[in-house]
There are 2 protein chains.
Amino acid sequence: MSEPGWRVVLLLAGAFRQGVDALNGELAEQGYPGARPVHGFALQAIGPDGCTINELGQRLGVSKQAAAKTATGLENAGYVARESVPADRRAVLLRRTERAEELLAASAVGFERVVDGWRRQVGAERFDAMVEALAIVADDKPIGDLPGWLVQRPPP
Amino acid sequence: MSEPGWRVVLLLAGAFRQGVDALNGELAEQGYPGARPVHGFALQAIGPDGCTINELGQRLGVSKQAAAKTATGLENAGYVARESVPADRRAVLLRRTERAEELLAASAVGFERVVDGWRRQVGAERFDAMVEALAIVADDKPIGDLPGWLVQRPPP
DNA sequence: GCGATATCGTCAACCAGGTTGTCGAGTAGC
DNA sequence: GCTACTCGACAACCTGGTTGACGATATCGC
C-alpha cells in the first residue's frame, strides 16, 4: 500500500467536501442558491410523515435543543410547518411543506448528477467497489454534528 | 447502481467520521487522550522549522486571529513554544516542542492502524480500489475550515 | 381519582471556532 | 524623519453545538 494512513483519511474528507461543493453548485443551478445540504439532511430526517423535535434530534444525533434550532431555521426558510399532535399536547409535529418536497427532488437530482459524474470519472467497476468499501467502513455511523462548511453561507 | 446518490455522499462523511473517531481512540491508547486530529494537522502546518502566526493562518486557510487562537491552544497543551524572531521584533516564531514530535509520530502510527483495520475489513483489493477512486474524486481538494467534531472533546 | 414520575419543547447560559474591525508596536521606503 | 505597511493582540459578534432548569402535559401506580 503506497498511501500513508493519514492520506486516506484526508481523501475521505476531500471527497466529501468535493461532493458537498458540487451539490451546492447543482442546487444553485436548479434555483435554490441558498439551500445547503444540511437542509436536505434535516428534511430527510423529518421524513414524509413528519416527526417531533425530539425525534429529529435523535435521528440527526444531536440534542433536542439543537434540533429545535434547526427546526426554527427550516421553518423560517419555509421548508417545514409546525402542527399539533392530537394525542400529545406537549409535542409538535414538524411537517415538510410543498417547497421542501421540491427542494428534496432537486437535491436528489443534484446528488445523482454529482455521483454519476464520479462514476464516469473513476469507472463503474472501481466506483462500485468504492461504495461497497465505504459502506463497510462507515458502518452506519451517524453524521452527528455537521461540519461548519456544510452550512457556510455563499460569499456575498 | 443500487445506491442513491445522497447515500454515497453520506457514506463518505460516515467513513471520515469513523476514521477520526478511531484515530482518537488510538491516540488515547498511546497516551494522548486529549489530542485531536486538528492538533496534528496544525502541527504539520507549522512544519519542522516553525512558522509565524500569519503563516500558520495562510497555511490553514483561516484568518490570522483564528490561527492565533489555535496557536494559544497548542501552546497551552505543550505542543508549541513561542520564540522571538531576531530579524523582526513584531513577529513570533511558533516552534514544535519535543512533545509535539512525539504526538506526530503517535498520530502516524494511529493512522496506519486505523487504515490497516479498514483494509482487513474490506479486503485489500477492494480497499485499494476505494483509495484510487477517492484520490480521483477528491482531486486534492483542500480541507479548508475543519469540521467541528474534529476537535470535539471526549465525553467525561 | 390523584400524586409521583417521566417526557416534550423552550429559555438561558455557556463553549468552540470562526469572522471582521481596531490598534499599538515595529519595519520599510522615499 | 515621515509615511505607509505588516505583525500580532484585543474586542465584539456569529453560528452551531452543549448542558441545566423549568412549565406543561402524559403516564404509571396505588
Side-chain angles (χ1 to χ4, degrees), chain A residues 34 36-39 41-42 45-46 50-77 80-95 142-156, chain B residues 13 17 20 34-39 41-42 45-46 50-77 80-95 142-156:
Chain A
R36 300 296 95 180
V38 70
H39 294 146
F41 282 137
I46 289 174
C51 73
T52 68
I53 290 187
N54 238 329
E55 284 170 337
L56 178 59
Q58 290 175 285
R59 293 177 192 181
L60 293 178
V62 299
S63 63
K64 60 180 178 178
Q65 291 86 340
K69 285 188 189 181
T70 300
T72 303
L74 249 25
E75 189 183 14
N76 290 340
V80 306
R82 299 166 106 93
E83 294 181 8
S84 56
V85 179
D88 189 340
R89 290 203 297 166
R90 298 167 302 177
V92 171
L93 185 65
L94 302 173
R95 199 178 272 284
I143 297 279
D145 140 23
L146 286 155
W149 44 269
L150 212 59
V151 293
Q152 210 79 31
R153 293 286 174 282
Chain B
R17 166 144 214 194
V20 169
R36 300 297 95 180
V38 70
H39 292 147
F41 198 65
I46 288 174
C51 72
T52 68
I53 291 187
N54 238 330
E55 283 170 338
L56 178 60
Q58 290 176 285
R59 293 179 192 180
L60 293 179
V62 299
S63 64
K64 59 180 179 179
Q65 290 86 341
K69 284 190 190 181
T70 301
T72 302
L74 250 23
E75 189 184 12
N76 291 340
V80 306
R82 299 166 107 92
E83 294 181 7
S84 56
V85 180
D88 188 339
R89 292 203 298 168
R90 297 167 304 177
V92 172
L93 185 66
L94 302 173
R95 200 178 270 285
I143 298 279
D145 146 21
L146 286 156
W149 44 271
L150 213 59
V151 293
Q152 211 78 28
R153 291 285 172 286

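In what follows, every chain begins at residue 1, and chains take the letters A, B, ... in the order their sequences are listed. The model shown is predicted, which means the values in this text are computed figures rather than measured ones.
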Please give, in whole Å, the distance from C:dG9 P to A:Arg82 CZ? 9 Å
Selection from C:dC8, C:dG17, D:dG16 that lies nearest to any side-chain heavy atom of B:Lys69: C:dG17
A:Asp88 or A:Ala67: which one's nearest nucleotide on DNA chain D is closer to the 5' end? A:Ala67
Out of C:dT19, C:dC8, C:dT10, minimum distance to the side chain of B:Gln65 belongs to C:dT19
From CD of A:Glu75 across to P of C:dG9 the rounded distance in Å is 13 Å
Reckon B:Ala91 touches a base, only the sugar-phosphate, or nothing at all at heavy-atom distances under 4.0 Å? sugar-phosphate
Would you say A:Thr52 places a side-chain N or O within less than 4.0 Å of OP1 or OP2 belonging to C:dC8? no
Assert: residue with more 5' nearest nucleotide on DNA chain D, out of A:Ala66 and A:Ala87, is A:Ala66
B:Lys64 NZ to D:dC5 C1', straight-line distance once rounded to whole Å: 11 Å
Closest to side chain of B:Arg89, choosing from C:dT19, C:dT10, C:dG26: C:dG26
Quick one: are B:Lys64 and B:Thr52 in side-chain contact, heavy atoms under 4.5 Å? no
How close do B:Cys51 and B:Ala45 get, counting heavy atoms only, and between which atoms? SG-O, 4.4 Å
Looking at B:Leu93, B:Leu74, B:Leu56, which one forms a side-chain contact (heavy atoms from CB on, under 4.5 Å) with B:Val80? B:Leu74
In whole angstroms, how far is the P atom of C:dG9 from the CD1 atom of A:Ile53? 5 Å
Distance check, rounded to the nearest 0.5 Å: B:Arg59 atom CZ versus B:Asn54 atom CG? 11.0 Å
Rounded to the nearest angstrom, tell me the gap between atom CG in A:Asn54 and atom P in D:dA26. 15 Å
When you get a sec, tell me which of C:dG9, C:dA6, C:dG18 is the closest nucleotide to the side chain of A:Arg90? C:dA6
Could you state the CG-P distance from B:Leu74 to C:dG17, rounded to the nearest angstrom? 11 Å
Rounded distance (Å) that lies between atom C1' of D:dG17 and atom CZ of A:Phe41: 18 Å
Compare all side-chain heavy atoms of B:Glu83 with those of B:Val92 and state whether any distance is below 4.5 angstrom. no
Please report, rounded to the nearest Å, how far the C1' atom of D:dC7 is from the CG atom of B:Leu93. 13 Å
